[in-house]
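Here's the structure, in structure tokens; my notes come after.
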Amino acid sequence: MSNRLPLVRTAGELRKTVQGWRKHGEKVALVPTMGALHDGHLSLIKLAKKYADRVVVSVFVNPTQFAPHEDYNSYPRTEEQDWHKLAAGGADAMYAPNVHEVYPGDFATRVEVAGVTQTLEGISRPHFFSGVTTIVAKLFLQCLPDVALFGEKDYQQLLVIKRMVKDLNFPIVIVPGPILREPDGLAMSSRNVYLDARERGLAPQLHAVIKDMAFDLVAEREVEETLAQGVARLESAGFRVDYLEIRDAETLLPLEGIVRQPARVLAAVYLGRVRLIDNVAVLPE
Ligand code: AMP
């Protein structure tokens, strides 16, 4: 790897790098990722540049957000390619710390948000959000950015981070980025590489179904009926549905009848052993 884009390995080095920028009055953005970078990640860097002079991208597969049966060991790790993508994508530093640097043997703290974590992903993946909030709180304190960007692809995660930032008074502005999709509608994800050819052919149906649901809801079809048809369509397309829900866009509380406020259709499905998540906005007139 050449030395054009700094590859930072420790929190101390990161602090020094960021302090150097700040001395010149530059604003700093952080884009946290787990690497295996795709255009969705790169779109967040592009967006970050509208809010800050410098963009740090962290690349860290965070063990505390994986349950023992999940894919921590097999999660795609493509550090060298990631570095090249970040260099081309306009990042100013890649922060890729070692797992022992982030979590020394005597690490004993967990950051936990209640409420908005206790539904959807929080039910299917009980360890997940406290792992996310713990690592994001650490990254915020290590980097001290002005702005941090999170994709709407992980819609509930975005709400959880906003809650944490408000509750713990992090002086950081959270900026959401829209979901980047493949031309056939499949939301870009590092985990899409797990799909075999047949599954990859079916996968875009997830977006097709939830997009139709959002359309129907805006046309005043009732929540209950829209959900029942959505589940039936997903199952007949070959998905196993983990959850399919229509929720208030801010609180994620369930809705009934005709939707009159900003809402979200959120889904998690399995195709074989691969778990896909996606969501779309419902914006009644
Ligand atoms: P990950 O590496 O999957 O943890 O994702 C890092 C960040 O990129 C998170 O804020 C994600 O929501 C965001 N992200 C992942 N996929 C997409 C996508 N298809 N479009 C926009 N943002 C995304």
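These values consider heavy atoms only, across backbone and side chains, with no hydrogens, waters or symmetry-generated copies. As the structure lists them, so they are numbered: ligands from 1, and atoms in each ligand from 1.
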query: Is it true that R200 and D184 have a side-chain N and a carboxylate O under 4.0 angstrom from each other?
result: yes
field: Close approach of H38 to ligand 1, heavy atoms, under 4.0 angstrom
entry: yes
- request: Assess the side chains of Y243 and E121: does a donor N or O sit below 3.5 Å from an acceptor N or O?
  value: yes
message: Quick check on contacts: which atoms of ligand 1 are under 4.0 angstrom from a heavy atom of I179?
response: 20 (N), 21 (C)
statement: Candidates D278, L180, L158; heavy atom nearest atom 18 (C) of ligand 1 found on L180
- line: A student comparing P178, S58, G177, G35 should find that the heavy atom closest to atom 21 (C) of ligand 1 comes from P178
message: Is there a polar contact between ligand 1 and L149, counting only N or O atoms under 3.5 Å apart?
response: no
message: Quick check: T33 and ligand 1, any N/O pair under 3.5 Å apart?
response: no
task: Taking Y103 for its side chain and N62 for its backbone only, find out whether a donor-acceptor pair lies under 3.5 Å.
output: no
task: May I ask you to check whether D242 and S124 show a side-chain donor-acceptor distance below 3.5 Å?
output: yes
message: Whether R260 and E220 form a salt bridge (side-chain N of Lys/Arg under 4.0 Å from carboxylate O of Asp/Glu) is what I want to check.
response: yes
- prompt: Could you give the distance from CD1 (I179) to OH (Y155), rounded to the nearest 0.5 Å?
  reply: 10.0 Å
- request: With heavy atoms under 4.0 Å as the rule, classify the contact between L44 and ligand 1 as side chain, backbone, both or neither.
  value: side chain
task: Please work out which of R191, H41, M34 has its closest non-hydrogen atom nearest to atom 3 (O) of ligand 1.
output: H41
- prompt: Can K138 and E101 be counted as an ion pair, charged N to O under 4.0 angstrom?
  reply: no
task: Tell me which one of A187, S190, G151 gets a heavy atom nearest to atom 22 (N) of ligand 1.
output: G151
For P32, atoms of ligand 1 separated by under 4.0 Å from a heavy atom: 6 (C), 7 (C)
message: Under a 4.0 angstrom heavy-atom cut-off, which atoms of ligand 1 come close to M188?
response: 16 (N), 17 (C), 18 (C), 19 (N)
message: Assess whether a salt bridge exists between D278 and K211, defined as any Lys/Arg side-chain N lying under 4.0 Å from an Asp/Glu carboxylate O.
response: no
Side-chain donor or acceptor of H84 paired with backbone N/O of Q81 under 3.5 Å: no
message: So for ligand 1, is D154 a polar contact partner (N or O within less than 3.5 Å, distance only)?
response: yes
message: Out of all atoms in ligand 1, which are within 4.0 Å of some heavy atom of F150? Include the element for each.
response: 10 (O)
